[in-house]
Each structure stands twice: as structure tokens, then as C-alpha cells.
Amino acid sequence: MSSEMKLRFGRKVISVDEARAALYEYVKPTETETVSLPTSFGRMLAKDIYADHAVPHFRRSGVDGYAVRSQDIAAATPDNPIVLDVIERIPSGTIPKCTVRAGKAARIMTGAPIPDGADTVVMLEMTDSLQDELLSLLGAKVKIKKNVQAASNITPIAGEVTLGELVIPEGTRIGPGEAAILATFGFSMVEVYRRPRVAIFSTGSELLQVEQELQPGKIRNSNSYMLAAQVEANGGAALIMPALSDDPGQVEAALEAILPDVDLILTSGGVSVGDYDVLVDVFGRFDGKLLFNKVAMRPGTPTSAALWKGKLLMALSGNPGASFVGFELFAKPIIRSMLGSQRPESEGLTAFLDVPYDKPSAYPRYIRGTTRVEAGCLWVRPAGIDKSSIMVSIKDADCLIWLPAGGQGYQRGDSVKVYTTR
Ligand SMILES: Nc1nc2c(c(=O)[nH]1)N[C@H]1C(S)=C(S)[C@@H](COP(=O)(O)OP(=O)(O)OC[C@H]3O[C@@H](n4cnc5c(N)ncnc54)[C@H](O)[C@@H]3O)O[C@H]1N2
Ligand code: MOO
Ligand SMILES: [Mg+2]
């Protein structure tokens, strides 16, 4: 068999895990860059964030009311209120001037520092000050109508975060909570991983550009946009390249030209046994190293990958379903590893199959699935028609249902593993 025929038909099949291991060998995190906090949302943090001060860094009032000594108001009741002298008013953001001694009270606002001497705060609603609030403060008195436990309505120093605590580990995606913490600790500039640049090429002379009118026997290129959306959803920067022809020389030249400018190349189509499956031809003539060209999985069996001039080239199947699944299983963990993620692979969950599934397969299946929760249990069913060539059901998928190889089919209610894709 010629080497070209060998590449097409004499393929060595490897498992998904072996394929991933082969890829991970060549994956390294991108360099870090420093960006402004407002532009860091969605980016991956490139260094551990430690608390360089306690939060709060002062005893903070949680309510509007009076800061007092709890022992002064132990006997307070609505019928027998305790009267205290009001010595100062403490707006939030100011520093108390006086110490609260026996028989004294300080009117305090929510968020303001607790004055020395006070160990609790009585809410305004439990005093009679509401009537007096127009009185000039000096000489005013306040009737406390309810005793309040010591430490009430006070957040102690370091009540939220202690000095030196690791608040966000490196490799975390910056969402709302992380943004709040970064702002709290003064990170107006944030060190993040550079977003991996991913070039996307589709192949196939049947492909039209999106803006082109439909023509007999041709289809619009949908994979490139699906893959670009998947790249961006996982923190990469997608470069949608012009679709490639079926000419091996042209394809090789186009891929080689972009290699230096990107971190990863994704192609879709042209990896099976067809006469015009051009990636197979490229693998037969390029000076890269083919890592694998057949994976024990359905869909996406002909998914291939190569290392070329130090960069990974992921050659996904042309069938939209297979392309989607191949991205989720291989390109997603590559991109997330480049972004420093400690958990690059999709999270595995257990769900109950919502419908019977009776298509046995020689290879493990990764079926686009739609989950739902019922009475606290996760149920999953195939998202629409479960065929590799179906594009329209991809929008309904929020996971991949993993069905082991072989099997005599599955009943409704069988528990299966699912991998989230959202
Ligand atoms: N005799 C065999 N035929 C096929 C085999 C096989 O083992 N023996 N493998 C099948 C499997 S499995 C898959 S998966 C597909 C993969 O084929 P390719 O990766 O070579 O993909 P293409 O042939 O280029 O296209 C397949 C299909 O997908 C459509 N396509 C391609 N690119 C796009 C795009 N950018 N947007 C939308 N649709 C796209 C293309 O029109 C074809 O319909 O091979 C099976 N055949
Ligand atoms: O490998 Mo496939 O099963 O058509 O995608
Ligand atoms: Mg083909």
C-alpha cells in the first residue's frame, strides 16, 4: 500500500485519553500580559492574588443606629428605655473622634468605623432618635428601647478576609466576584494570560462564504463560525481564515503561512478517506509530525492532529457534529491549558438517560445532549437528531453524553456520564 493509501486506510486508532496525552505534551501556557481591570473580565488570571490587608480593615457598622456599650443597655425595654448622651455623629468614611464611655452613645451610619469603647450597635428603629433627628446633635439624648447583644451589627476587622490570605488562585477566569476582589485589593492593572490566537480553516470545494447566495450542490461554511464561537467561549482569540481549497499544495502553503502568528491551528473537514480529503494529503507531504489520525470515538473518528514547527494543528472532522465534539474533547482543553487552567477538561457529571438509546458502537460515543433537572436529579437526552452531520441541534446541546463502546443499548433511567459544554 502506498504511503498515501496507508495514511488514508492504514490508520492506527488511539483512545481519546491517549490522543489528549499526545497533545498535552506540546501545550504550554501563553505569556502573561498586564491589562486594566475593566478590560480583564473573562480573562484568565496569571498570578495568585493574596490579601495585602484585612477586609474590613476597621470594625465596621452594618446598620444606621447608635454605637454603645452593651453593658449600658442590658436592662433596656420599650417600657423602660435607657437614656444615653449622644457624643458624636459618625458618617461612613469618617474616623470617630471620641471614645464611647459609660452612659454615652455615638450616632453611626452603615459602613462607618465603630468608635473605641463601643461594642455593639443598636438599630435606629430600636431607639427614639427618629423623632429627634432634626434636633441639633449637641446635647441630644437617645432613648434605647431594646437591649442588644454585644458585637451586634458589627463586622469585626478581618471579618471577611484575613491579611495574607490567598483570595484568588492563578488560572481562575475573572468573573464578577473576582473583579470585586481585584478592585478591593487595588488591582487597577491585572496580570492575565495572553489569549491564545487560534486560526480556523475550513476545507471543501462545496463551501460558500456566508454572504454568498446559495448555489446548487453547495453549502455555506458554518463550521468556521461555530468553531470561532467555541474558541472565544473558552478564552481564545479566533482568527477565521478564508476556507481552503482541496489542493494539497495550496492548503499546505496557507497553513504554513499562518503558523508563526498563532498558537494553534484548527481545520475542519478533509480528514476522512474521500478522494479530496485534503488534510490527509497534507499530512503525507508536510514536514510536521502527525500525532494521530484516528480516535476511538463517535462522532469524529477521523479527527487528526499534528505538531508542525512547534505548533499544534488540530484537524477536526468536517461533519458539523463531529467538528463540535472534536473541539470540545481536544481543542478546548488545549486552549484552557494555554490559559493556565488547572482543570482544562470539561467537568464530568452523572445524569439519568431520559430516553432509551439502542445504537451500539465499536467506539465510545460522545453524543450532544440536553440536560434538565427534575426533583433534584439531572436527566439528559440527545439534543435533536443524533447524527454527526447534523448542525442544527448543536444549539440545543449543553453537554456531551459519554456512552462506553459496545453495549447492548441503554434503557431510560440508566445513569450515564455527561461532560458540560457550556
Ligand atoms: N467511506 C467512508 N466515508 C466516510 C468515513 C469513513 O470512514 N468511510 N468517515 C465518515 C466520518 S466518520 C466522518 S466524521 C466524515 C468526516 O469527513 P471529513 O472530515 O473528510 O469531512 P468532509 O468530507 O470535508 O465533510 C464532511 C461533511 O461535512 C460538511 N462540511 C465540511 N466542512 C464544513 C463546513 N465548514 N461547514 C459546514 N459543513 C461542512 C461537508 O459538506 C460534508 O457533508 O467522513 C465520513 N465519510
Ligand atoms: O466520525 Mo464521524 O462519526 O461521522 O463524525
Ligand atoms: Mg471527507
Side-chain angles (χ1 to χ4, degrees), residues 4-16 19 199-212 214-231 238 240-248 251 254 265-284 292-306 313-331 359-368 382 385-395 397 400-403 405:
E4 188 261 340
M5 290 298 276
K6 235 168 85 57
L7 262 180
R8 251 175 183 71
F9 298 100
R11 303 189 191 205
K12 177 176 168 300
V13 68
I14 63 172
S15 73
V16 166
I200 298 166
F201 291 91
S202 278
T203 66
S205 48
E206 74 274 30
L207 300 182
L208 295 168
Q209 293 179 33
V210 172
E211 59 279 2
Q212 283 183 280
L214 220 43
Q215 295 164 26
K218 293 192 181 291
I219 59 165
R220 291 194 182 97
N221 170 9
S222 60
N223 285 356
S224 289
Y225 298 88
M226 174 190 73
L227 292 170
Q230 288 177 277
V231 167
I240 299 179
M241 308 304 288
L244 295 169
S245 71
D246 292 341
D247 174 292
V251 170
I265 292 186
L266 294 187
T267 63
S268 103
V271 291
S272 190
V273 298
D275 304 344
Y276 301 97
D277 285 345
V278 68
L279 264 300
V280 181
D281 303 323
V282 169
F283 293 143
F292 55 83
N293 61 2
K294 186 169 184 180
V295 185
M297 62 190 261
R298 292 299 311 276
T301 315
T303 301
S304 308
L313 163 55
M314 269 312 308
L316 302 173
S317 292
N319 278 327
S323 215
F324 174 79
V325 170
F327 179 93
E328 287 297 319
L329 293 182
F330 303 114
K359 286 197 287 185
S361 157
Y363 292 142
R365 283 185 186 279
Y366 292 84
I367 301 162
R368 280 157 283 165
I385 308 164
D386 169 40
K387 273 182 67 186
S388 168
S389 56
I390 301 295
M391 169 280 300
V392 74
S393 64
I394 291 169
K395 67 173 171 42
L400 296 180
I401 308 169
W402 178 71
L403 294 183

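No experiment lies behind these values; they were computed from the predicted model shown. Just follow the structure's listing: the first ligand is 1, and inside any ligand the first atom is 1.
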*Please confirm whether S389 comes under 4.0 Å of ligand 1, counting heavy atoms of the residue only.*
no
*Under 3.5 Å between some N or O of ligand 1 and some N or O of S202?*
yes
*Examine the proximity of ligand 1 to V273 and report which part, side chain or backbone, both or neither, has a heavy atom under 4.0 Å away.*
side chain
*Would you please name every residue forming a side-chain contact (heavy atoms from CB on, under 4.5 Å) with A331, sequence neighbours left out?*
L266, F327
*Looking at G300, which atoms of ligand 2 are within less than 4.0 Å of one of its heavy atoms?*
1 (O), 2 (Mo), 3 (O), 5 (O)
*Under 3.5 Å, N or O to N or O, is S388 touching ligand 1 that way?*
no
*Give the contacting part of T301 toward ligand 2: side chain, backbone, both or neither, where contact means a heavy-atom distance below 4.0 Å.*
both
*With a 4.0 Å heavy-atom cut-off (strictly under), which part of P299 contacts ligand 2: side chain, backbone, both or neither?*
both
*Are any of the N/O atoms in I219 less than 3.5 Å from those in ligand 1?*
no
_ligand 2 atoms in contact with N319 (distance to a heavy atom under 4.0 Å)_ = 4 (O)
*Kindly give the atom name of the N, O or S atom of D277 closest to the Mg ion (ligand 3).*
OD1
*Nearest heavy atom to atom 39 (C) of ligand 1 wins, so pick from P299, G318, G274, A315.*
G318
*Out of S272, G269, G204, whose heavy atom is nearest to atom 10 (C) of ligand 1?*
S272
*asked:* For atom 4 (O) of ligand 2, tell me which residue out of S388, S272, G318, S323 has the closest non-hydrogen atom.
replied: S388
*Of the protein's non-hydrogen atoms, which lies at the shortest distance from atom 3 (O) of ligand 2, and what is that distance?*
R298 NE, 2.9 Å
_My understanding is that only residues two or more places apart in sequence, or in another chain, count here; which of them pass ring-ring contact (aromatic ring centres under 6.0 Å, His included) with F283?_
F286
